[in-house]
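Naming: A, B, ... by sequence-line order, numbering from 1 per chain. Keep in mind that this is a model prediction, so the values were computed, not measured.
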Amino acid sequence: MQYSAKVMDHFTNPRNVGEIEDASGVGTVGNAKCGDIMRIYLDIDDDDIIRDVKFKTFGCGAAVATSSMATELIKGKHVNEALKLTNRSVMDALDGLPAIKVHCSVLAEEAVRAALWDYAEKKGIKIDGLEKPADDIHDGHHEDLGECD
Amino acid sequence: MQYSAKVMDHFTNPRNVGEIEDASGVGTVGNAKCGDIMRIYLDIDDDDIIRDVKFKTFGCGAAVATSSMATELIKGKHVNEALKLTNRSVMDALDGLPAIKVHCSVLAEEAVRAALWDYAEKKGIKIDGLEKPADDIHDGHHEDLGECD
Amino acid sequence: MPNTIYLDNAATTKLKPEVLDAMMPFLTERYGNPSSVHKFGADCNTACEDARRSIANLINAKDNEIYFTSGGSESDNWAIKSVAYAKRDKGRHIITSGIEHHAVMETCEFLAREGFEVTFVGVDNQGIIKLDELKAAIRPDTILISVIYANNEIGTIQPIKEIGAIARSKGIIFHTDAVQAFGHIPIDVEKENINLLSASAHKIHGPKGVGMLYIKNSVRLLPMIHGGPHERKRRAGTLNVPGIVGFGKAAELAKASMEKNNAELIKLRNYAIDRILKEIPYSRLNGDRDRRLPGNINISFRFIEGESMLMMVDMKGIAASTGSACASGSLDPSHVLLAIGLPHEIAHGSIRMTMSEFTTKEELDHTIEALKEVVAKLRSMSPLYEDAVRNKEV
Amino acid sequence: MPNTIYLDNAATTKLKPEVLDAMMPFLTERYGNPSSVHKFGADCNTACEDARRSIANLINAKDNEIYFTSGGSESDNWAIKSVAYAKRDKGRHIITSGIEHHAVMETCEFLAREGFEVTFVGVDNQGIIKLDELKAAIRPDTILISVIYANNEIGTIQPIKEIGAIARSKGIIFHTDAVQAFGHIPIDVEKENINLLSASAHKIHGPKGVGMLYIKNSVRLLPMIHGGPHERKRRAGTLNVPGIVGFGKAAELAKASMEKNNAELIKLRNYAIDRILKEIPYSRLNGDRDRRLPGNINISFRFIEGESMLMMVDMKGIAASTGSACASGSLDPSHVLLAIGLPHEIAHGSIRMTMSEFTTKEELDHTIEALKEVVAKLRSMSPLYEDAVRNKEV
Ligand SMILES: Cc1ncc(COP(=O)(O)O)c(C=O)c1O
Ligand SMILES: Cc1ncc(COP(=O)(O)O)c(C=O)c1O
């Protein structure tokens with residue numbers, strides 16, 4: 001298993017680590033049992049532009065790097081653009097991931113969508129193409145979530 | 001598998017190789033199928049003393065060395081003494097043999113006895129304790145002798 | 001990779017220079033095949049027999065009870081499968097522990113799929129097998145007990161002599177995976193009633209790709225690798241002469257220095273454990289503090305994950321290991337850490353540092369400082385830590 | 001053992017200096033475990049992957065079709081047993097040849113004891129498998145055909161492409177033991193329809209104790225050695241990094257020089273064969289003269305036995321091999337020599353001389369002179385020769 005230079009860069013110097021007080025939306029996905037939890041904070045302005053984004057991640061090198069890359073890819077974008085983020089685009093931007101780490105990029109995609117969902121809920125709007133995340137969690141202590149994927 | 005120095009010496013410089021014209025007794029044992037044939041020639045005087053002994057052997061290093069040692073052990077001896085030669089005494093005199101080569105020393109013992117039997121037959125006498133050898137052969141071309149031991 | 005602080009000696013070790021020196025003639029001019037009739041081959045045979053003797057000496061075995069293999073995994077597979085197939089008409093029940101190396105665990109699981117029954121006996125929260133559970137698991141059709149001598153992750157040393165006595169009293173064959181114990185702590189196959197024992201050269205500063213199975217003379221074991229008449233017809237394949245010679249030298253050196261090295265290692269180990277537990281909050285030692293290998297340190301840090309921890313210490317020049325799932329390619333964390341009762345999230349946050357006689361106090365001090373930084377950095381990025389702070393749990 | 005004329009390259013070969021040079025870093029400073037997360041281990045992983053590529057290149061395979069093992073015997077056992085067990089519900093019939101190496105033959109015999117049926121297809125008196133017999137042996141429950149690529153004793157090269165085509169047309173898995181062919185003659189697993197192929201490093205001037213099994217991507221093969229996730233979960237055990245790196249280098253060198261070496265070897269081989277047959281009476285060449293490995297010479301001398309011949313040439317500094325029973329620890333002479341129709345006594349009198357690119361004409365000339373003396377001396381001691389003279393057969 002070997003990481004690309006891009007992955008190593010984003011792991012070593014992760015962009016946008018941190019929290020946002022009174023964020024427009026927060027999404028947390030994954031679970032501690034499986035060893036990955038990602039939380040994304042969004043600061044979205046009135047024009048639905050993502051002005052700022054931060055993340056916190058409990059997880060392996062790929063989990064950190066995909067979180068970092070995902071935040072970079074949506075920062076400054078309109079929420080409709082951010083919605084188009086896929087795990088594929090995160091992976092491509094990182095020059096690929098080892099096969100056993102692909103699920104980290106899926107998690108990053110889900111984390112962004114969970115945060116957008118939270119934003120939509122808080123604002124009481126509906127965003128086309130966005131569904132309620134299946135396993136959005138908010139405390140990271142779900143020891144009973146069953147099997148890891 | 002490793003041979004003792006004594007075995008190597010008797011293999012490298014075998015004693016008593018050759019034939020005896022008009023020998024008092026000749027014995028050939030073993031068979032080509034199994035890879036060992038030993039032939040022993042005895043020259044025995046009127047007092048039943050083995051004045052000379054020669055051998056020819058088709059076989060491995062141990063076969064050559066046991067033949068050589070067996071001839072040394074009986075040379076100059078009375079036939080009754082020679083009869084006491086056992087495979088054990090040949091092996092001991094050679095400082096032992098690898099386990100898978102023990103059968104060579106048995107063959108050497110049998111060759112001596114076969115030659116003595118031939119001597120007794122030719123002379124029309126009976127030597128106490130000497131029986132007709134089971135597998136004394138005289139041409140070495142017994143392809144149908146069955147399994148090797 | 002210069003300047004690495006190498007704390008992954010349970011994964012593999014550096015070849016000792018003396019070992020390499022012993023191997024060199026066989027990597028150059030003395031390249032014969034020990035099976036050959038000619039002197040050129042016989043010479044190599046003698047060298048292999050000398051190595052066999054050194055290895056036998058280390059565990060009070062006879063020379064002809066040592067069979068060379070390609071390593072610990074092969075030895076484990078051979079021992080367990082051969083007993084299973086040889087005894088299958090007598091019984092099909094196997095007892096092992098919940099903290100075996102994968103080479104034993106997966107072999108037992110394979111046999112379970114093939115119609116054998118396997119009981120995995122549990123360990124207590126210190127990582128020591130429960131002897132009463134083991135005794136209770138024995139049935140009339142039990143054909144094999146296989147218990148790891150010392151665990152590769154948490155370093156706990158099992159009560160092998162007691163298990164040997166139990167197995168013997170019931171007439172059951174006893175195998176132990178001693179890959180982490182052989183050459184590290186004293187072993188006596190006679191006194192401990194061990195019938196089969198696996199070991200591997202590369203864990204004791206010997207070469208990779210060579211190991212051995214000790215097979216007590218009274219035990220008849222079928223070959224796993226059929227073919228030529230090598231190893232008294234029990235393990236076919238041209239002998240790895242340089243590897244075997246290196247293994248023999250490594251065993252000889254291990255025997256000579258074990259006592260002295262261990263006194264030193266235990267001091268260093270306890271020093272490091274004490275400092276870490278004291279200086280880094282929310283850390284815990286995994287595995288019994290005393291009944292553990294001299295060189296093993298295994299710590300869990302809450303709220304963070306092992307692979308990222310490893311990668312960060314790696315960037316500081318420190319090589320270690322983790323029981324986190326991410327690092328192993330599986331999705332579950334170490335079965336050993338779960339077996340001692342750790343919750344998944346804490347199991348994911350473990351780091352294993354395994355020392356050798358070449359490890360220094362300076363290296364450990366440097367490592368502890370690095371760990372402090374890395375743990376703090378990863379916690380500052382951790383949503384679990386954030387939650388714990390918010391909920392005033394920390 | 002200075003000044004040995006080494007003519008036992010089919011038994012094992014000398015490590016090339018370039019191969020040892022490639023290995024040295026991994027025997028010293030680069031000692032990491034390729035499975036480790038840290039850079040120190042990853043570096044070794046990269047080196048193993050480079051070796052895998054060189055090896056794949058030599059037989060037109062893909063990198064991920066090469067699985068490292070401990071040698072040819074393990075590869076043979078793995079291939080044959082795994083196919084047998086994986087397909088046992090489909091059928092239990094295996095076809096192999098009468099001139100396999102023990103690693104294949106004994107494995108098949110083991111399977112026969114386990115309830116499989118094995119057909120040993122014969123060879124003609126030149127040592128080439130009878131394709132019509134092979135075809136006729138195929139049954140609806142045939143699950144595997146395993147035929148040696150080039151024989152280790154008499155050097156005959158089998159019609160592998162034809163066998164591959166037959167196997168493919170019947171949907172039967174085809175394994176070939178290419179231990180003597182790999183790196184010696186061109187192999188193309190794609191064109192020759194080979195599904196599984198065994199090779200060993202120490203036969204091509206690589207190190208002892210490392211080999212490989214080529215497993216075509218479309219073939220699913222169970223592991224024989226269970227355990228850790230090495231080799232894509234198909235072969236557990238810490239990778240023998242120096243060994244693998246050496247194997248890779250040896251493969252690379254073999255590829256680069258095969259064509260040139262072989263032209264030279266064939267010339268030398270034919271020169272030696274011609275001289276021996278001409279200058280030593282009652283000698284015969286075993287195995288086809290042309291469809292044979294460039295470096296293989298196998299001759300029988302009537303009236304004398306192989307082990308004593310070997311020992312005598314050994315004393316003259318020449319290392320060779322024999323098919324005589326005495327030399328192998330069994331009581332029957334080589335099954336290969338019997339399979340080509342030699343009577344026992346002639347099979348016992350065979351000698352195999354196998355050359356490498358380092359063999360010189362001077363060495364061969366010296367060897368032929370030695371052979372002449374030794375054969376004459378042993379005949380003068382032979383009761384069989386005495387009888388033949390007496391009976392005017394000679
Ligand atoms: C044809 C053939 N197959 C298999 C083997 C076994 O290979 P190894 O000695 O690497 O186990 C050999 C050599 O010994 C061989 O010549
Ligand atoms: C306890 C234990 N058993 C077995 C093995 C397997 O040994 P090897 O890597 O030599 O196959 C190891 C090490 O990897 C181990 O630590």
Separation of C:Glu307 CD from A:Lys101 NZ (nearest 0.5 Å): 3.5 Å
Residue C:Arg379 versus chain A: region with a heavy atom under 4.5 Å: neither
4.5 Å side-chain heavy-atom contact, C:Glu386 and A:Thr28: no
Heavy-atom pairs under 4.5 Å with chain A, option from C:Lys377, C:Met312, C:Met309 with the top count: C:Met312
For the student: nearest non-hydrogen atoms of C:Met311 and A:Phe11, plus distance: CB-CE2, 3.4 Å
Distance, nearest 0.5 Å, that separates CG of C:Asp314 from CE of A:Met8: 7.0 Å
C:Met381 versus chain A, the contacting section by heavy-atom distance below 4.5 Å: both
Closest heavy-atom pair and its distance - A:Cys60, C:Glu305: CA-OE1, 3.1 Å
A:Ala63 versus chain C, the contacting section by heavy-atom distance below 4.5 Å: neither
Nearest-0.5 Å distance that lies between atom OG1 in A:Thr57 and atom CG in C:Leu384: 10.5 Å
A:Lys56 versus C:Ser380, closest heavy-atom pair with distance: CE-O, 3.3 Å
Heavy-atom proximity to chain C below 4.5 Å, by part of A:Ser67: neither
C:Phe303 to A:Phe58 - nearest heavy-atom pair and separation: O-CD1, 3.2 Å
Distance-minimising heavy-atom pair for A:Lys33 and C:Pro333: O-CD, 4.3 Å
C:Ser308 to A:Gly59 - nearest heavy-atom pair and separation: OG-O, 2.6 Å
